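Here the structure is laid out as structure tokens; the discussion comes afterwards.
A note on names: the letters A, B, ... follow the listed sequences, proteins ahead of strands, and every chain is numbered from 1. Since the model is a prediction, treat every value here as computed from it, not as a measurement.
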Amino acid sequence: MTTVHGLIEAREMTFTGYSYALIDDMAKREIRRALLKAVAVPGHQIPFGSREMPIARGWGTGGLQVTLSLLGPGDVVKVIDQGDDAGVNASNLRRLVEQMTGLDTTGATSEASVIQSRHRIPDERLNERQILVLQVPNPEPLRAVERSVAQAALMHAEQDYARMWLALYEDVVRRGEVSRGAGYPVMVNHRYVMTPSPIPRWDVPKLHQADALYLFGAGREKRVYAVPPHTDVVPLAFEDYPFHVEHFDGHACASCGSTSSYLEASPTDDGGLRYRCSDTAYCERVREGKETVQW
Amino acid sequence: MVTATATAAPLLSVQGLTTIHGEAPCAACVALTGPEADRNQCPECGSIVACAGVSFDVWPGEVLGIVGESGSGKSTVLQCLYQDLQPAVGAAYFGGFAEGQRSIWDADRRERRELRTQSIGMVYQNPRQGLNLMVTAGGNIAERLLDANWRRVGDIREKASDYLQRTEVPLPRMDDFPAFFSGGMQQRVQIAKALANSPQLVLLDELTTGLDVSVQAGVLDLVRDIQRDYGLTAVIVSHDLGVIRLLADRTLVMKQGRVVESGLTDQILEDPQHPYTQLLVNCAT
């Protein structure tokens, strides 16, 4: 088993002036405690002392702090932004993690032990050895119906979600369906209403009874929360207007031909639409003819 | 008219309700105020005694009226019953809560919410207080049903349209915002909201005040019809004796925070005993 010290020596790396993985030990301990609480009470938002990071708040500081507080020897890290490993933000975060931990990073979903993501859950099935860290802009699902943070906390405590349901009802009345696309509200463990961060509806069922651990970090709002493995996660929906995921009218990915992944449409020169996998790692794997474990 | 002796126990039994507003009420507050002293502010400490020692029973199927001039404490009584205010002293045993064994003022937050959303309906004088004007008329009614775990939009809309029809709100306006409704129509939506999940007790606070006379008549007719059809149990507060005469089986007369007279409505209006009630009745005609 490599130690942090061994890791540093092997890479001939120095962390002069910084702790291993950037965050100092006491801060890491505080974040890990908050995460333990979060795992113990699924879907419940736990406050934590969000630190200054070398990136701006709102650019993934919550996710980054969660990731850095978890990492140690033996971990393999993957960072994705809207499904894309090569996005500017994902690349910068990955480079920072590499420099501050000396760990290996990867693009392959199945090889990673910790995956930090924004707006997507990978289309390859996660296993029980993996942790997915999601960056969260707004952790409070009740924000739209209750402006007061204190009042919203009371509503969670009393499981008073009538106004949340009312907002969904009004949506159905005006638009004929619950129109929420990203961040669809879910009931976690039959107790707390939670926002799954702005992932598409497509990814919401992946939270239910999953093998992997999901951690959510909101740096600007100073909250972490979690969905532990094998937890019931049910999207809020009316019996006569059931929850459904996005459909792509039978389109396949223009690159890999997949019809069972989340597709993104981009305009083409002739005014049409071109569909492609949003998860670039999954797309690559399919193109290379490798086996993928689907959800 | 439903007779009070039909059932063995009252639905609501209020005992010694006292509400005092002030930084530090003194021991003499209650003794130094009231109709005899003709004031509700304690001369010793300046506290306001909104109501003191108010006791009454409401039987199932009965409508109890509370009359009195403004500042007499009648709205305070309703606000306490609807848990908007926590009284200083007193107990209220309600058939729909803890089988009448515990006072509703000992309820915890969650029980309180259940009382407000399930067992008791409230119609405020100002519809703005009882309605969310930025939610559709149907949505306002849906809120109480959703709180009772209704999870089928079809059922909710059926129930909401049923009550909007009963309260004569045109159905095509069900999905409009009450902010754009007239005062009378807002009041009718509020009544529909208060009644939609069939609460055991309905509290009506000055429901016709501020409406023009023809609309008043419509709203009163409506409440009377509902009372007849659904066997409504209600406490109705008004300073308008006409409303009380029309709706209430029994009546309390309040002055300076105290009940000065109580009895059958007809009896109080035809043969008032207390000088203040006599004044009130004489002024009304």
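Top candidate by heavy-atom pairs under 4.5 Å with chain A, chosen from B:Asp175, B:Leu146, B:Asn149, is B:Leu146. When A:Trp165, A:Phe238, A:Tyr161, A:Tyr241 are compared by the number of non-hydrogen pairs under 4.5 Å with chain B, A:Trp165 comes out ahead.
Looking only at distances, a side-chain donor or acceptor of B:Arg144 sits under 3.5 Å from a matching main-chain atom of B:Thr117. Side-chain atoms of A:Asn138 come within 3.5 Å of backbone atoms of A:Glu140 as a donor-acceptor pair (strictly under, hydrogens ignored). With hydrogens and angles ignored, the 3.5 Å screen pairs no side-chain donor or acceptor of B:Asp205 with any backbone N or O of B:Val237.
When heavy atoms are compared at a cutoff of 4.5 Å, B:Ile156 approaches chain A solely by way of its side chain, counted from C-beta outward. Both the backbone and the side chain of A:Glu158 come within less than 4.5 Å of a heavy atom of chain B. Contact of A:Leu154 with chain B is made through the side chain alone, with heavy-atom distances under 4.5 Å. At a 4.5 Å heavy-atom cutoff, the contact between B:Arg152 and chain A is made by backbone and side-chain atoms alike.
Using a 4.0 Å cut-off between charged side-chain N and carboxylate O, B:Asp176 and B:Arg173 make a salt bridge. Ion pair A:Arg175/A:Asp171 flagged as a salt bridge, since at least one NZ, NE, NH1 or NH2 atom sits closer than 4.0 Å to an Asp/Glu carboxylate oxygen.
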